[in-house]
Number of protein chains: 2
Amino acid sequence: MTRAFDSHDHATCRREALAAAEAACAERGERLTPVRRRTLEILLESHRALGAYDVLERLREDGFGSQPPVAYRALSFLVEQGLVHRIEALQAFVACARPGKTHEAAFLVCRRCRRVAEEPLPDQTPTTPGFAVERRVVEMQGLCPDCRNGKA
Amino acid sequence: MTRAFDSHDHATCRREALAAAEAACAERGERLTPVRRRTLEILLESHRALGAYDVLERLREDGFGSQPPVAYRALSFLVEQGLVHRIEALQAFVACARPGKTHEAAFLVCRRCRRVAEEPLPDQTPTTPGFAVERRVVEMQGLCPDCRNGKA
DNA sequence: TCGGGGATGTTATGGTATAACAAGACGTCT
DNA sequence: AGACGTCTTGTTATACCATAACATCCCCGA
């Protein structure tokens, strides 16, 4: 499922992700309201990480509120539901490649095109006795195949 | 060397780290100027991550410049030299626990007290064919032993 | 002693994020 | 239907994080 860097049928990819998101929310009794849904759609248009203000601009164009909390709230909701991930090193957000269940993942982040692929996180990650790990941030920054070849 | 969460002789810990930093700079022909040295000392006072503006305030009190670039430039230099690490998830900086050679590390980051321990990074981290990893960000967020016990 | 490069300082500005409050939508209980 | 509580959306205002651009200074080598 590291489709971010591979050519694939993106229309289907998007449609499936949206359907999975709807199913996940329904199952949990959470509401995928218009702003939230549109925010997810915006992120699903590409496998790229977008800043909150990029998302906000798109939402404003679509007639939603134009102030930062509008975008941050929708993004927070989607992150809580595991439908979107925050890429710490970019301070940006990317749609989840495997929605449906909340999960942790490692990310391959292209510094040039900002596309992000998701990989499974090893069971074992470094720790030290007595430290209670709550969240694991694993991000590999570098160049994706296309950007290495100057294709993108 | 995960001393951040253990009691230890911190005066010695600090002194050794500073000596190692001086040695590293000397060897490379880099200049550990007064602002840079003071910035490192400030971070070495604790094993906690400090924001750039916290550092700046301390520098200003000590008679250095009071504008953000003063702190950011010193921090950038120290990060380049491997004497300080940036914690992406906190947008903050912590003195390196093993100065002397530039290296990558995994970090255990306490969300309550902001103390940070450094652990070796596994040789193997997730990737995908064709992706050229340039930098690895591995940060475990959670609660340190003291904060779990309400001690700190 | 005259450049020249690097370091330091400034002003100004831009990007990221949240607190606090007002108003609206919606289910539900009576 | 109407009253209530909760969740959601929207606003204003503000705080925090970061860097571009330019002036000055300092030190070293020619």
Side-chain angles (χ1 to χ4, degrees), chain A residues 21 25-26 28-40 42-43 48-81 83-94 109 111 114 137 139, chain B residues 21-22 25-26 28-40 42-43 48-81 83-94 109 111 114 137 139 141:
Chain A
C25 287
R28 296 172 201 154
E30 298 287 349
R31 297 170 53 197
L32 191 62
T33 61
V35 219
R36 293 169 175 175
R37 184 192 167 97
R38 185 71 194 117
T39 299
L40 181 56
I42 289 166
L43 290 175
R48 291 177 156 80
L50 293 184
Y53 281 68
D54 297 325
V55 171
L56 178 59
E57 185 180 345
R58 300 287 308 277
L59 289 175
R60 179 166 34 72
E61 289 169 3
D62 293 344
F64 294 99
S66 62
Q67 300 306 315
V70 171
Y72 281 103
R73 281 195 290 235
L75 289 165
S76 300
F77 170 85
L78 294 168
V79 168
E80 275 164 21
Q81 299 304 316
L83 304 173
V84 162
H85 299 292
R86 176 181 160 86
I87 304 300
E88 298 290 346
L90 296 181
Q91 293 165 204
F93 300 85
V94 71
V109 182
R111 66 169 158 80
R114 295 170 64 100
V137 175
E139 301 172 3
Chain B
E22 278 168 348
C25 287
R28 296 171 201 157
E30 297 287 348
R31 298 170 53 196
L32 191 61
T33 61
V35 220
R36 291 170 177 176
R37 183 191 168 99
R38 186 70 194 117
T39 299
L40 181 56
I42 289 166
L43 290 176
R48 290 177 158 82
L50 294 184
Y53 281 69
D54 297 325
V55 171
L56 178 59
E57 185 179 346
R58 300 288 309 277
L59 290 174
R60 177 165 35 73
E61 287 168 3
D62 293 343
F64 294 99
S66 62
Q67 300 305 314
V70 170
Y72 281 104
R73 281 195 290 234
L75 290 166
S76 299
F77 171 84
L78 294 168
V79 168
E80 276 165 20
Q81 299 304 316
L83 304 173
V84 162
H85 299 291
R86 178 182 159 85
I87 305 300
E88 298 291 345
L90 296 182
Q91 293 166 201
F93 300 86
V94 70
V109 181
R111 67 170 157 78
R114 293 170 66 100
V137 175
E139 301 171 4
Q141 299 181 260

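Residue numbers start from 1 in every chain, and the chains themselves are labelled A, B, ... in the order their sequence lines are given, proteins ahead of strands.
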K.L.:
Quick one: salt bridge (Lys or Arg N to Asp or Glu O under 4.0 Å) partners of Arg31(A), sequence neighbours excluded?
P.N.:
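Once residues adjacent in sequence are excluded, Arg31(A) has no partner under the salt bridge (Lys or Arg N to Asp or Glu O under 4.0 Å) criterion.
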
K.L.:
Show the nearest heavy-atom pair for residues Leu78(A) and Thr39(A), with the distance to one decimal.
P.N.:
CD1-CG2, 3.7 Å

K.L.:
Could you state the atom-to-atom distance from CZ of Phe64(B) to P of dA7(C) in whole Å?
P.N.:
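Rounded to whole Å, this separation is 15 Å.
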
K.L.:
Base contacts versus sugar-phosphate-only contacts with protein, heavy atoms under 4.0 Å: please encode nucleotides 14-24 of chain C as B, S and - from 5' to 3'.
P.N.:
--BBBB-----

K.L.:
Please tell me if Thr33(B) has a side-chain N or O lying less than 4.0 Å from either OP1 or OP2 of dT8(C).
P.N.:
yes

K.L.:
Please list, chain by chain and in numerical order, all residues satisfying side chain to side chain donor-acceptor pair (under 3.5 Å) with Arg86(B), sequence neighbours excluded.
P.N.:
Glu88(B)

K.L.:
When you list every nucleotide of DNA chain D with an atom under 4.0 Å from a heavy atom of chain A, which one comes first 5' to 3', and which comes last?
P.N.:
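First-to-last contact on DNA chain D, by the 4.0 Å heavy-atom rule, is dT8(D) to dT12(D).
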
K.L.:
Could you check whether Arg60(A) gets within reach of a base, just the sugar-phosphate, or nothing at all, counting any heavy atom under 4.0 Å?
P.N.:
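Nothing, no nucleic acid heavy atom in range.
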
K.L.:
Do you know the tightest heavy-atom contact between Ile87(A) and Ala49(A)?
P.N.:
CG1-CB, 4.5 Å

K.L.:
With DNA chain D as reference, determine whether Arg36(A) or Ser66(A) sits nearer its 5' end, using the nearest nucleotide of each.
P.N.:
Arg36(A)

K.L.:
Between the side chain of Gln141(B) and the main-chain N/O of Arg111(B), is any donor-acceptor distance below 3.5 Å?
P.N.:
no

K.L.:
So, using side chain to side chain donor-acceptor pair (under 3.5 Å) as the criterion, who are the partners of Asp62(A) when residues are at least two apart?
P.N.:
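For Asp62(A) the side chain to side chain donor-acceptor pair (under 3.5 Å) partners, ignoring immediate neighbours, are Arg38(A).
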
K.L.:
May I ask you to decide if Gln81(B)'s main-chain N or O and Arg28(B)'s side chain share a donor-acceptor pair within less than 3.5 Å?
P.N.:
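Indeed, once roles are kept as given, a pair shorter than 3.5 Å links the two residues.
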
K.L.:
Can you give me every donor-acceptor pair (side chain of residues 64-76 of chain B, partner residue at least two apart or in another chain, under 3.5 Å) with its distance?
P.N.:
unit_1	atom_1	unit_2	atom_2	d
Ser76(B)	OG	Tyr72(B)	O	2.7

K.L.:
How many whole angstroms separate atom CG of Leu32(B) from atom C1' of dA7(C)?
P.N.:
13 Å

K.L.:
Hey, which of these two, Gly65(B) or Arg31(B), hits DNA chain C nearer its 5' end, going by closest nucleotide?
P.N.:
Arg31(B)

